[in-house]
Amino acid sequence: MLSATDIAATIVTRSHAGNIDLVVVAGDVLKENRVPKGEDAVVVEAAASRDWLFHAAGLPLPV
């Protein structure tokens, strides 16, 4: 994402969840060092679904 002339547009159009290192909402750390904290059933189920879709399509999982 280097050499961008419009930083905001670059972040919106070229970033993905793997680029996000820290998420804090209302003082609660939800993601730190690219690892979600306190995963609940919905997050676990969504990740499993994503993994299945990538596997079924023969694609490597995103980093």
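Keep in mind the model is a prediction, meaning the values are calculated, not measured.
No side-chain heavy atom of Lys31 sits less than 4.5 Å from a side-chain heavy atom of Lys37.
Here Val25 sits in one hydrophobic cluster together with Ile20, Val23, Leu30; the rule is ILVMFWY side chains under 4.5 Å apart, joined directly or through other members.
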For residues 47-63, which side-chain N or O atoms pair as donor and acceptor with protein atoms under 3.5 Å away, sequence neighbours left out?
none

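With sequence neighbours excluded, the residues satisfying side chain to side chain contact (heavy atoms under 4.5 Å, CB included) with Val24 are Leu22, Val29. Residues that satisfy the side chain to side chain contact (heavy atoms under 4.5 Å, CB included) test with Asp21, not counting sequence neighbours, are Asn33, Arg34.
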